[in-house]
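This chain uses plain numbering: 1 for the first residue, then up along the sequence.
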Amino acid sequence: MAVGKGIVFIYLGSLLMQIVQIAGYPVLLALILARADYPSWAIGIILSGQWVVVLVLAPLVPGLIKRLGIRSTGQAGAVVSIVAVTLLLLSQSTAVTVASSLLMGAGLALRWVVCDTWIVETVPEKLRGRAIGTHETLLGLSATIGPLLIILSDGNYTAALIGYIILLALALVSFAFGPQVSAAETGEERSDTERYIFMVFRILLLALLAALAAGYIEPAMVALLPLYLMNFHYPEAQALVLLSVFGLGGAVLQMPLGWIADRWSFRVGQVLCLSLVIIGGILLMTAIGLPSVVAVSLFIFGGGAAGLNTLAVIEAGSTLRAGMKGMGMALIASSYTLGGVVGPAVSGSTLNLAHGHGAILVILGLMMAYAATLAFAGRHRFSP
């Protein structure tokens, strides 16, 4: 099968899994826990469990790819995710809920590193930025579709969970048609990893920080934005629609950002993304009572946050030599995940502070810190 046709199946399988893993499951789990009267800080901690597993497992995925093959590893991620959703469908006790969250994290780690590695190893370098931008656009669409499935379930969370199992099963089938990549292309020798690990960190440091910031923002916003808006008396359905707008922003802006990375540089794109997040956050807080303005602010906010990770993936794929890209994707995933571990927990704990805007204020502070880092790096030629 030609790579051009095969990559469509990578996109499709990744999209279907992303709808569940990022856009559907965490939101639904947060609503289930809120309905059971869990406090917001406890909801944040349970949701962070998913990202703890990704943080631990992501660095091991390149080795699994080399051992099992890239198709089988991606399919394993779909199977593990199906088990996670099935557990939540069978029982919503605290122990089962935590176990489900941890298993979903394992499925997410496998899918994430597999799909990013699959794309950068099968697409010509001159098209890589646009290919990754296309992938991230589709992943952004998942944040639009996931909440809509919950809305369509009309409060019947069991129906939504069954729908997620069906989507994951379709992803399992889709990955079977992806282009095969040799083990030599997707994994590096241990001696090479040990020799070049510090160089990779140096080359990708700013990209890793961007992924860390994106990882803090996106999981926290996707999981807790409905609760944030409901605190300001938005109905659940309207809050979920606005979450979809956040995801739509992430979808629409990724291809232009990929083009900017190909045409100019990663840094230009990063400055643009920082500006979008800061502007969107300020608009969100100052116009919280105006749904139309909130929708615009969330669109901008979502585009900038997703773009930080898109640019990090493009930078890793473009600056690392062949054979090291799998490690680069794993490091980006681990950095994003570290943010994902902290983001929901901190945001859940600060959700009710500063007149209900505490979580957004923390995100804005994080963006200011990263902007200062970029300025320092540019002044001292720290950037690779």
Leu103 vs Val53, side-chain contact (heavy atoms from CB on, under 4.5 Å): CA-CA, chis, key distance, verdict:
CA-CA 8 Å; Leu103 281 172; Val53 175; over 6 Å; no

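- Under the 4.5 Å side-chain criterion, counting only non-hydrogen atoms from C-beta, Arg71 is not in contact with Val114.
- Between atom CD1 of residue Ile10 and atom OG of residue Ser174 there is a gap of 9.0 Å, rounded to the nearest 0.5 Å.
- The main-chain N or O of Ala160 is never found under 3.5 Å from a side-chain atom of Ser153 such that the two would form a donor-acceptor pair.
- With hydrogens and angles ignored, the 3.5 Å screen pairs no side-chain donor or acceptor of Thr337 with any backbone N or O of Val54.
- Nearest heavy atoms, Pro344 versus Gly340: CD-O, 2.7 Å.
- Considering Ile278, Val245, Ile279, Ile363 in turn, Ile363 is the only one that fulfils the side-chain contact (heavy atoms from CB on, under 4.5 Å) rule with Phe301.
- In this structure the side chain of Thr86 never reaches within 4.5 angstrom of the side chain of Leu161, judged on heavy atoms.
- The shortest side-chain heavy-atom distance between Val252 and Phe299 falls under the 4.5 Å cut-off.
- A heavy-atom distance below 4.5 Å is not found between the side chains of Val83 and Val80.
- Follow the hydrophobic side-chain contacts under 4.5 Å out from Leu374 and you reach Leu364 in the same cluster.
- The two atoms that bring Leu88 and Ser100 nearest to each other are CB-OG, 3.8 Å, heavy atoms only.
- A distance of 9.0 Å separates CG of Asn309 from OG of Ser335, quoted to the nearest 0.5 Å.
- Between the Ser91 side chain and the Leu87 main chain, no donor and acceptor come within less than 3.5 Å of each other.
- Scanning both residues, Ile150 and Gly24, for their nearest heavy atoms gives CD1-O, 4.0 Å.
- Sorted by first and then second residue, the side chain to side chain donor-acceptor pair (under 3.5 Å) pairs with a member in residues 210-237 read Tyr157-Glu236, Glu218-Tyr336, Tyr228-His357, Asn231-Asn352; sequence neighbours excluded.
- Listed for the Tyr25 side chain is no donor-acceptor partner under 3.5 Å among the backbone atoms of Ile19.
- Between Ser347 and Val362 the shortest side-chain heavy-atom distance does not fall below 4.5 Å.
- Using modelled atom types, one side-chain atom of Thr97 and one backbone atom of Ser93 make a donor-acceptor pair closer than 3.5 Å.
- In the hydrophobic cluster analysis, where Ile, Leu, Val, Met, Phe, Trp and Tyr join through side-chain heavy atoms closer than 4.5 angstrom, Ile145 is grouped together with Ile162.
- Under the side chain to side chain donor-acceptor pair (under 3.5 Å) criterion, Trp112 pairs with Asp116, sequence neighbours left out.
- Within the 3.5 Å criterion, the main-chain N or O of Ala306 finds a donor-acceptor partner in the side chain of Thr310.
- For the atom pair Ile82 CD1 and Met17 CE, the distance stands at 8.0 Å (nearest 0.5 Å).
- Leu110 and Val56 are assigned to two separate hydrophobic clusters, defined by single-linkage of ILVMFWY side chains at heavy-atom distances under 4.5 Å.
- Side chain of Ser101 to main chain of Val98: no donor-acceptor pair is present (N/O by atom type, distance under 3.5 Å, no hydrogens or angles).
- Partners of Thr94 by side chain to side chain donor-acceptor pair (under 3.5 Å), not counting sequence neighbours, listed by chain and number: Tyr38.
- In plain terms, the two heavy atoms of Leu227 and Ala34 that are nearest each other are CD2-CB, 4.1 Å.
- Two residues are said to be in side-chain contact when any heavy atoms from C-beta on lie closer than 4.5 Å; Gln238 and Leu229 fail this criterion.
- Listed for the Ser40 side chain is a donor-acceptor partner under 3.5 Å among the backbone atoms of Gly348.
- The structure places CG of Leu60 at 11.5 Å from CD1 of Ile65, a figure rounded to the nearest 0.5 Å.
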Evaluate side-chain contact (heavy atoms from CB on, under 4.5 Å) for Leu284 paired with Leu298, printing each intermediate quantity in order.
CA-CA 7 Å; Leu284 177 62; Leu298 288 173; 4.1 Å; yes

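- Across every non-hydrogen atom of Ala211 and Ile332, the tightest pair is CB-O, 3.8 Å.
- In this structure, Gln75 contributes its side chain and Leu172 its backbone to a donor-acceptor pair below 3.5 Å.
- Following chains of ILVMFWY side-chain contacts shorter than 4.5 Å, one cannot reach Val52 starting from Trp41, and the two form parts of different hydrophobic clusters.
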Pair Gln92-Leu33, side-chain contact (heavy atoms from CB on, under 4.5 Å): steps then yes or no
CA-CA 9 Å; Gln92 294 172 7; Leu33 294 173; over 6 Å; no

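- The side-chain heavy atoms of Phe177 and Leu12, taken from C-beta on, include no pair separated by under 4.5 Å.
- Across every non-hydrogen atom of Ser48 and Ala345, the tightest pair is OG-N, 3.3 Å.
- Interatomic distance, Leu170 CG to Ile165 CD1, rounded to the nearest 0.5 Å: 12.0 Å.
- Test Phe9, Phe175, Tyr11 against Trp118 for ring-ring contact (aromatic ring centres under 6.0 Å, His included) and you get one pass: Phe175.
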Checking side-chain contact (heavy atoms from CB on, under 4.5 Å) for the pair Ile22/Leu108: CA distance, chi angles, key distance, verdict?
CA-CA 8 Å; Ile22 301 295; Leu108 171 57; 3.9 Å; yes

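- Two residues are said to be in side-chain contact when any heavy atoms from C-beta on lie closer than 4.5 Å; Met104 and Leu29 fail this criterion.
- Note that SG of Cys273 and CG of Leu308 are 5.0 Å apart. Values are rounded to the nearest 0.5 Å.
- Taken together through direct or relayed side-chain contacts under 4.5 Å among Ile, Leu, Val, Met, Phe, Trp and Tyr, Leu28 and Leu89 form part of one hydrophobic cluster.
- Not a single donor-acceptor pair under 3.5 Å links the side chain of Gln21 to the backbone N or O of Pro26.
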